[in-house]
Amino acid sequence: AQSVTQLDSHVSVSEGTPVLLRCNYSSSYSPSLFWYVQHPNKGLQLLLKYTSAATLVKGINGFEAEFKKSETSFHLTKPSAHMSDAAEYFCVVSETRGSGDKLTFGTGTRLAVRP
Amino acid sequence: DVKVTQSSRYLVKRTGEKVFLECVQDMDHENMFWYRQDPGLGLRLIYFSYDVKMKEKGDIPEGYSVSREKKERFSLILESASTNQTSMYLCAISRGDTVPSYNEQFFGPGTRLTVL
């Protein structure tokens, strides 16, 4: 069975400082991993995905994540936070079940950005 | 652009009512999903479908059923709504490839359902 743990439910940073959102996963197989973002009153949008190619994955809006198998981690980072980054972020692990894929979501990390 | 539409953004129903939530896609994707989102719990899978008239239970199917008569449309049905089904409901779609790397899911805007 697969699972995802997001280690912080809330993170607050100042604008212009680095962002680190932590995620650990558990999977029986080689996982696919994703980060999704949800802005207030909007649908979920894919930020980036890891699919067993390069371990450092670059996504949209300057975000990136590094897959570390030895640590079973997939932390999301950004060098410099912007006010528009304030949102909820979900770490997600994927496995294929039957003919369909199944995503398991973390409980989310709410990022606040202070001026 | 991928388009996943849901029939309502906000819905208020009474306990015991039958509720239909509809999801329509324009991408010709095989897989469609229904999730509910609750604070502190993330998204939890209710049902999914990988083909017309096919369905599989997700993690929390109790109290729900689904219907997929056409490829582009996937309906979630609450046979007798209860207050603990007050939640945000999200529909998602993905391609039908068996390789997980292709199975990025695209989400609709959500329906916030309140059951009184």
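All of these numbers come straight from a predicted model, not from anything done at the bench.
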Applying a strict under-4.5 Å side-chain criterion to I, L, V, M, F, W and Y, I'd like to know whether [X] and [Y] cluster together.
X: B:Phe20; Y: B:Tyr64; value: no
X: A:Met83; Y: A:Leu20; value: no
X: A:Ile60; Y: A:Phe74; value: yes
X: A:Phe90; Y: A:Val19; value: no
X: A:Leu56; Y: A:Tyr50; value: no

(request) Measure B:Arg44 against the heavy atoms of chain A and call it side chain, backbone, both or neither at under 4.5 Å. (result)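 When you check distances to chain A, no heavy atom of B:Arg44 falls under 4.5 Å.
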(message) Taking side chain as everything from C-beta outward and backbone as N, CA, C, O, which of these in B:Leu41 sits under 4.5 Å from a heavy atom of chain A? Side chain, backbone, both or neither.
(response)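 It is the backbone, since no side chain atom gets that close.
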(request) Step through the shown structure and confirm whether more than 12 heavy atoms of other residues, nucleotides or ligands are within 6.0 Å of NZ on B:Lys3. (result)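 Check fails, neighbour count at 12 or below.
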(request) Tell me, yes or no, whether the heavy-atom count around B:Arg14 atom CZ, taken from other residues, nucleotides or ligands under 6.0 Å, exceeds 12. (result)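 It does not: B:Arg14 CZ has 12 such atoms or fewer within range.
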(request) Pick one of side chain, backbone, both or neither for A:Tyr36, based on which atoms fall under 4.5 Å of a heavy atom in chain B. (result) side chain
(request) Heavy-atom distances under 4.5 Å only: say whether A:Leu44 touches chain B with side chain, backbone, both or neither. (result) both
(request) Could you tell me whether the side chain of B:Leu45 reaches within less than 4.5 Å of the side chain of A:Leu103, counting heavy atoms only? (result) no
Measure the spacing between [atom1] of [X] and [atom2] of [Y] and express it to the nearest 0.5 Å.
X: B:Phe107; Y: A:Gln45; atom1: CZ; atom2: CD; result: 12.0 Å
X: A:Phe105; Y: B:Asp59; atom1: CZ; atom2: CG; result: 11.5 Å
X: B:Glu104; Y: A:Ser94; atom1: CD; atom2: OG; result: 11.0 Å
X: A:Lys49; Y: B:Gln105; atom1: NZ; atom2: CD; result: 11.5 Å

(message) Taking every non-hydrogen pair under 4.5 Å, which of A:Val92, A:Leu46, A:Thr104 racks up the most with chain B?
(response)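 Ranked by contacts with chain B, first place is A:Leu46.
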(request) Return the option, out of B:Gly110, B:Gly40, B:Pro109, with the maximum number of heavy-atom pairs under 4.5 Å with chain A. (result) B:Gly40
